[in-house]
Enquirer: 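Can you keep this structure in mind? I'll have questions shortly.
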Amino acid sequence: MVNVPSVRDLLSAVAAHSDWHFAIGVRIRFANPTLLYQTYPQEWVNLYAEKAMIFVDPTVRWGLEHPGICRWSEIRDMDEQGVMEKAAEYGLRYGLVVSVGEASARTLGFFCRNDRELDDAEAQFALEHVQQLHDLTDGIAKCSEAQLAELRNLGATLRR
């Protein structure tokens with residue numbers, strides 16, 4: 001059973017840690033996250049969904065293919081569709097991808113700032129907390145619809 005208060009506390013810690021925006025897709029299966037938490041600007045979220053950018057986003061592709069941490073600057077040349085350039089227009093200029101878990105159910109975190117690259121301490125914090133969130137959601141497939149709804153609703157408190 002997933003401990004909802006623990007997930008809430010962890011998400012609160014991530015949101016408060018830095019002046020960053022983030023999106024975390026928990027236990028992604030068949031290209032769909034079981035849970036999605038994000039603090040991205042709503043205009044960006046809408047455009048990203050409208051244009052189905054997930055299918056051409058090099059940060060998502062990297063995260064699904066590799067465990068670990070990758071800065072956007074390291075894969076910018078893979079951005080043939082200009083997703084990262086467009087994200088920068090919404091204040092998501094510098095970012096990193098965190099990828100944990102087995103390939104069949106990865107958890108991906110995307111952390112972005114407008115003013116500078118994320119430093120090594122921020123990257124390490126992101127990695128540790130995404131891993132903890134992944135671990136906390138072990139067994140999520142056994143959650144009832146009511147429990148899943150409660151977990152999904154945690155995202156509403158994160159927007160800035």
Enquirer: Flag the pair V4 / L151 as yes when at least one side-chain heavy-atom distance between them is below 4.5 Å, and no otherwise.
Expert: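 Yes; the side chains approach each other to less than 4.5 Å.
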Enquirer: Same hydrophobic cluster for I24 and L36, using side-chain heavy-atom links shorter than 4.5 Å among ILVMFWY?
Expert: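 No; tracing contacts between hydrophobic side chains, which count when under 4.5 Å, never links both residues.
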Enquirer: Can a side-chain donor-acceptor contact be found between Q124 and E128 if the only test is distance below 3.5 angstrom?
Expert: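 Yes, Q124 and E128 have a side-chain donor paired with an acceptor closer than 3.5 Å.
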Enquirer: Run the side chain to side chain contact (heavy atoms under 4.5 Å, CB included) test against N114 and tell me which residues pass, sequence neighbours left out.
Expert: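 For N114, the residues satisfying side chain to side chain contact (heavy atoms under 4.5 Å, CB included) (neighbours in sequence not counted) are R93.
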Enquirer: Do any side-chain atoms of residues 62-70 form donor-acceptor pairs under 3.5 angstrom with protein atoms, and if so which ones, sequence neighbours left out?
Expert:
from	atom 1	to	atom 2	distance (Å)
W62	NE1	H66	ND1	3.3
H66	ND1	W62	O	3.1

Enquirer: Would you give the length of the straight line joining atom CD of Q131 to atom CG of L10, rounded to the nearest 0.5 angstrom?
Expert: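 Here the rounded value is 11.0 Å.
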Enquirer: Begin from the C-alpha positions of R71 and D120 and carry the test salt bridge (charged side-chain N to carboxylate O under 4.0 Å, His left out) through to its verdict.
Expert: CA-CA 11 Å; R71 295 184 188 284; D120 291 344; 3.0 Å; yes
Enquirer: Would you mind reporting whether Q147 and V2 have side-chain heavy atoms less than 4.5 Å apart?
Expert: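 Heavy-atom side-chain distance check fails, nothing below 4.5 Å.
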Enquirer: Looking at L108, V130, D135, which hits side chain to side chain contact (heavy atoms under 4.5 Å, CB included) with V100?
Expert: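 Result: among L108, V130, D135, V130 is the only option passing the side chain to side chain contact (heavy atoms under 4.5 Å, CB included) with V100.
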Enquirer: Can you tell me which residue pairs pass the salt bridge (Lys or Arg N to Asp or Glu O under 4.0 Å) test with a partner in residues 45-57, sequence neighbours excluded?
Expert: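 Qualifying pairs: none.
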Enquirer: Just wondering, are more than 12 heavy atoms of other shown residues or ligands nearer than 6.0 Å to CZ in R76?
Expert: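 Yes, enclosed.
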Enquirer: Honestly curious: do V45 and V60 fall in one hydrophobic cluster under the side-chain, below-4.5 Å linking rule?
Expert: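 Yes.
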Enquirer: Report yes if some heavy atom in the side chain of D79 is under 4.5 Å from a heavy atom in the side chain of W72; otherwise report no.
Expert: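 When only atoms from C-beta onward are counted, W72 and D79 do not touch, as no gap falls below 4.5 Å.
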Enquirer: Should E150 and R8 count as an ion pair when the cut-off is N to O under 4.0 Å?
Expert: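 Result for this pair is no, no salt bridge flagged.
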Enquirer: Kindly say whether T39 contributes a backbone atom to a donor-acceptor pair with the side chain of H21 at under 3.5 angstrom?
Expert: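 Such a contact is found between H21 side chain and T39 backbone.
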Enquirer: Under the 3.5 angstrom rule, does the side chain of T107 hit a backbone N or O of H134 as a donor-acceptor pair?
Expert: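 No, the answer is negative, given that no donor and acceptor are paired below the 3.5 Å cut-off.
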Enquirer: Which ring pair (Phe, Tyr, Trp, His ring centres under 6.0 Å) pairs, counting each pair once, include a residue from residues 83-108, with sequence neighbours left out?
Expert: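 Only W44-Y90 qualify under ring pair (Phe, Tyr, Trp, His ring centres under 6.0 Å).
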Enquirer: What orientation do F125 and H17 show, parallel under 30°, tilted 30 to 60°, or perpendicular over 60°?
Expert: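 Parallel: the ring planes of F125 and H17 meet at under 30°.
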Enquirer: Are N3 and P5 packed together at the side-chain level, in the sense that at least one heavy-atom pair is separated by less than 4.5 angstrom?
Expert: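 Yes. Closest side-chain heavy atoms under 4.5 Å.
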Enquirer: Taking the side chain as C-beta and beyond, is there a heavy-atom pair between W20 and E122 under 4.5 Å?
Expert: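 Yes, their side chains come closer than 4.5 Å.
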Enquirer: Locate the shortest heavy-atom distance separating P58 from I75; write the atom from each residue and the value.
Expert: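 That closest heavy-atom pairing would be O-CD1, 3.7 Å.
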Enquirer: Check whether any side-chain heavy atom of L133 lies under 4.5 Å from a side-chain heavy atom of V26, and answer yes or no.
Expert: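 SC-SC contact between L133 and V26 confirmed.
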Enquirer: Show the nearest heavy-atom pair for residues E102 and R27, with the distance to one decimal.
Expert: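 In this case the closest contact between E102 and R27 is OE2-NH1, 3.5 Å.
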Enquirer: Taking atom CG of L35 and atom SG of C143, what is their separation to the nearest 0.5 Å?
Expert: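 Answer for the CG-SG pair, L35 versus C143, is 8.5 Å.
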Enquirer: What side-chain donor-acceptor pairs closer than 3.5 Å can you find for residues 80-88, not counting sequence neighbours?
Expert:
from	atom 1	to	atom 2	distance (Å)
K86	NZ	E89	OE1	3.1

Enquirer: Side-chain contact test, heavy atoms from C-beta onward, threshold under 4.5 Å: evaluate it for V7 versus Y37 and give yes or no.
Expert: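 Side chain of V7 against side chain of Y37, heavy atoms only: contact under 4.5 Å found.
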Enquirer: Do side-chain atoms of R106 reach the backbone of G101 as a donor and acceptor pair under 3.5 angstrom?
Expert: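 Looks like yes, one N/O pair under 3.5 Å.
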Enquirer: On a heavy-atom basis, which atom in G25 and which in P33 lie closest, and how many Å separate them?
Expert: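 Minimum heavy-atom separation between G25 and P33: CA-CB, 3.8 Å.
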Enquirer: Heavy atoms, side chains only, cut-off 4.5 Å: are L92 and F110 in contact?
Expert: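 No - every pair of side-chain heavy atoms lies 4.5 Å or more apart.
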Enquirer: Where do R29 and S104 land on the side chain to side chain contact (heavy atoms under 4.5 Å, CB included) test, with the steps shown first?
Expert: CA-CA 6 Å; R29 297 189 47 138; S104 63; 5.9 Å; no
Enquirer: Sequence neighbours left out, what passes salt bridge (Lys or Arg N to Asp or Glu O under 4.0 Å) with D77? Give chain and number order.
Expert: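 By the salt bridge (Lys or Arg N to Asp or Glu O under 4.0 Å) rule, D77 matches no residue at all.
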Enquirer: I need the C112 SG to L118 CG distance, nearest 0.5 Å.
Expert: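 Interatomic distance, C112 SG to L118 CG, rounded to 0.5 Å: 7.5 Å.
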Enquirer: How long is the span from the OG atom in S18 to the CZ atom in R113, to the nearest 0.5 Å?
Expert: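 S18 OG to R113 CZ: 4.0 Å, rounded to 0.5 Å.
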Enquirer: What is the distance from atom OH of Y48 to atom OH of Y40, rounded to the nearest 0.5 Å?
Expert: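 Result: 8.0 Å between the selected atoms.
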Enquirer: What's the separation between atom CD in Q132 and atom CG in L127, rounded to the nearest 0.5 Å?
Expert: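 Interatomic distance, Q132 CD to L127 CG, rounded to 0.5 Å: 10.0 Å.
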Enquirer: Using the rule given for side chain to side chain contact (heavy atoms under 4.5 Å, CB included), can you reason through E117 versus L96, listing the C-alpha separation, both sets of side-chain angles and the distance that settles it, and then say yes or no?
Expert: CA-CA 9 Å; E117 286 278 3; L96 59 85; over 6 Å; no
